[in-house]
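In what follows, a structure is listed as structure tokens, so that the remarks can point back to it.
Predicted, not measured: the structure shown is a model, and the values here were computed from it.
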Amino acid sequence: YCYLKEFNELTGLYANIPGGTTLSTVGKGYSTMYSYESGAPTSKTLEFTGALNTGAQSVALTYTSGIGDGWNLVGNPYPSAIDWNAASGWSKPAEMNNGVYFWDNSIANYRYYLDGTGVNGGTNIIPAMQGFFVKATATPATNLGFANGIRVNNTTPAFYKSETTNPFLR
């Protein structure tokens, strides 16, 4: 069975998103999880439709001390890779650390890029449509802003999921 989930910083938990739900928050990250249960199909195609994003985008960040502790799952809103180190195009609030964190099932751990240093293979390049965590550090957290200046033509960033059977955007 395939599940689409969102991370709730207020509770520190993932929650299922019902099938047929329209995802309308640009820049919000989502997680797809597949369970190989008895009788379940061996593969599943997820279809996302709509206009491709361009231009300025932003997503709200929250900080809840001791529960979600500021971890926000956001997503690359563009159909291209983006560069965390881009000289212009980001609007990063002062109330967040300078890192991006990716869960990689193949190593059962996070890859991350923090203050210019990659750990477990994390880099500053965020693949197209990749979800990643950022950490708000205080209240009030504000918005993380994206603009076209962060977009890069990079055909080799890793897409952090367990399998790549169709790496094309159509």
Side-chain angles (χ1 to χ4, degrees), residues 4-15 17 21-32 46-104 110-161 167-170:
L4 181 63
K5 296 181 176 255
E6 62 185 337
F7 184 79
N8 184 332
E9 189 277 335
L10 298 174
T11 64
L13 301 171
Y14 282 94
I17 298 173
T21 300
T22 299
L23 305 178
S24 59
T25 305
V26 174
K28 182 173 181 164
Y30 298 94
S31 177
T32 57
L46 298 177
E47 182 176 338
F48 299 90
T49 60
L52 299 176
N53 295 317
T54 189
Q57 309 290 335
S58 70
V59 64
L61 302 179
T62 60
Y63 175 82
T64 307
S65 179
I67 301 173
D69 210 25
W71 292 104
N72 289 262
L73 182 59
V74 300
N76 175 350
Y78 301 117
S80 61
I82 57 178
D83 184 350
W84 187 251
N85 289 343
S88 64
W90 285 106
S91 177
K92 299 175 186 174
E95 301 87 7
M96 69 176 277
N97 73 8
N98 189 28
V100 289
Y101 307 80
F102 311 93
W103 176 256
D104 188 342
Y110 284 91
R111 296 179 187 266
Y112 61 96
Y113 184 79
L114 177 62
D115 294 328
T117 301
V119 175
N120 291 334
T123 74
N124 57 303
I125 302 298
I126 303 164
M129 301 175 292
Q130 175 73 51
F132 57 98
F133 280 96
V134 297
K135 185 169 181 15
T137 56
T139 301
T142 59
N143 291 336
L144 175 62
F146 310 83
N148 284 337
I150 66 174
R151 297 174 74 174
V152 293
N153 182 9
N154 189 318
T155 59
T156 59
F159 190 67
Y160 301 113
K161 66 176 197 167
F168 301 105
L169 175 65
R170 297 179 191 170

Report task. Could you tell me which non-hydrogen atom of A128 sits nearest to which non-hydrogen atom of P79, and how far apart they are? Result -> CB-C, 3.7 Å
Query raised in the report: Between the main-chain N or O of G145 and the side-chain N or O of N143, is there a donor-acceptor pair closer than 3.5 Å?
Result: no
Query raised in the report: Where does the angle between the aromatic ring planes of F132 and F102 fall among parallel (under 30°), tilted (30 to 60°) and perpendicular (over 60°)?
Result: tilted
Query raised in the report: Would you call V26 and F146 a side-chain contact if the rule is heavy atoms closer than 4.5 Å?
Result: no
Pairs under 3.5 angstrom only: tabulate donor-acceptor contacts from the side chains of residues 61-70 to other protein residues two or more places apart or in another chain.
| unit_1 | atom_1 | unit_2 | atom_2 | d |
| --- | --- | --- | --- | --- |
| T62 | OG1 | E9 | OE1 | 2.8 |
| T62 | OG1 | N72 | OD1 | 3.4 |
| T64 | OG1 | E9 | OE1 | 2.8 |

Query raised in the report: Mind checking whether V119 and L114 have side chains closer than 4.5 Å, heavy atoms only?
Result: no
Report task. State, to 0.1 Å, how close N53 and P77 come at their nearest heavy-atom pair, and which atoms those are. Result -> ND2-O, 2.8 Å
Query raised in the report: Does a sphere of radius 6.0 Å around OH in Y112 hold more than 12 heavy atoms from other residues, nucleotides or ligands, not counting ones at 6.0 Å or beyond?
Result: no
Query raised in the report: Is there a side-chain contact between L23 and I17, using heavy atoms and a 4.5 Å cut-off?
Result: yes
Report task. Would you check if the side chain of T123 reaches a backbone N or O of I125 as a donor-acceptor pair within less than 3.5 Å? Result -> yes
Requested in this report: State, yes or no, whether a side-chain contact exists between L144 and K92 at a heavy-atom distance under 4.5 Å.
Outcome: yes
Query raised in the report: Between N148 and G55, is there a donor-acceptor pair closer than 3.5 Å when you use the side chain of the first and the backbone of the second?
Result: yes
**Report entry** Close side-chain approach of V134 and W84, heavy atoms under 4.5 Å
**Finding:** yes
Query raised in the report: Short question: side chain of W90, backbone of D83 - any donor-acceptor pair under 3.5 Å?
Result: yes
Requested in this report: Give a yes or no answer on whether the side chain of N120 reaches the backbone of Y110 with a donor-acceptor pair at less than 3.5 Å.
Outcome: yes
Query - Heavy-atom donor-acceptor pair, D104 side chain to R111 backbone, under 3.5 Å - result: no
Query - Beyond-backbone contact of I82 with R151, side-chain heavy atoms, under 4.5 angstrom - result: yes
Report summary line: Nearest heavy-atom approach of S31 to L73 is N-CD2, 4.4 Å
Query raised in the report: Once you round to the nearest 0.5 Å, how far does CE of M96 lie from OG1 of T137?
Result: 8.5 Å
Report summary line: Those residues at least two apart in sequence (or on a different chain) that pass side chain to side chain donor-acceptor pair (under 3.5 Å) with K28 are E6
Report task. Before giving the answer on side chain to side chain contact (heavy atoms under 4.5 Å, CB included), spell out for N85 and Y113 the whole-Å C-alpha distance, their side-chain angles and the decisive distance to 0.1 Å. Result -> CA-CA 10 Å; N85 289 343; Y113 184 79; 2.7 Å; yes
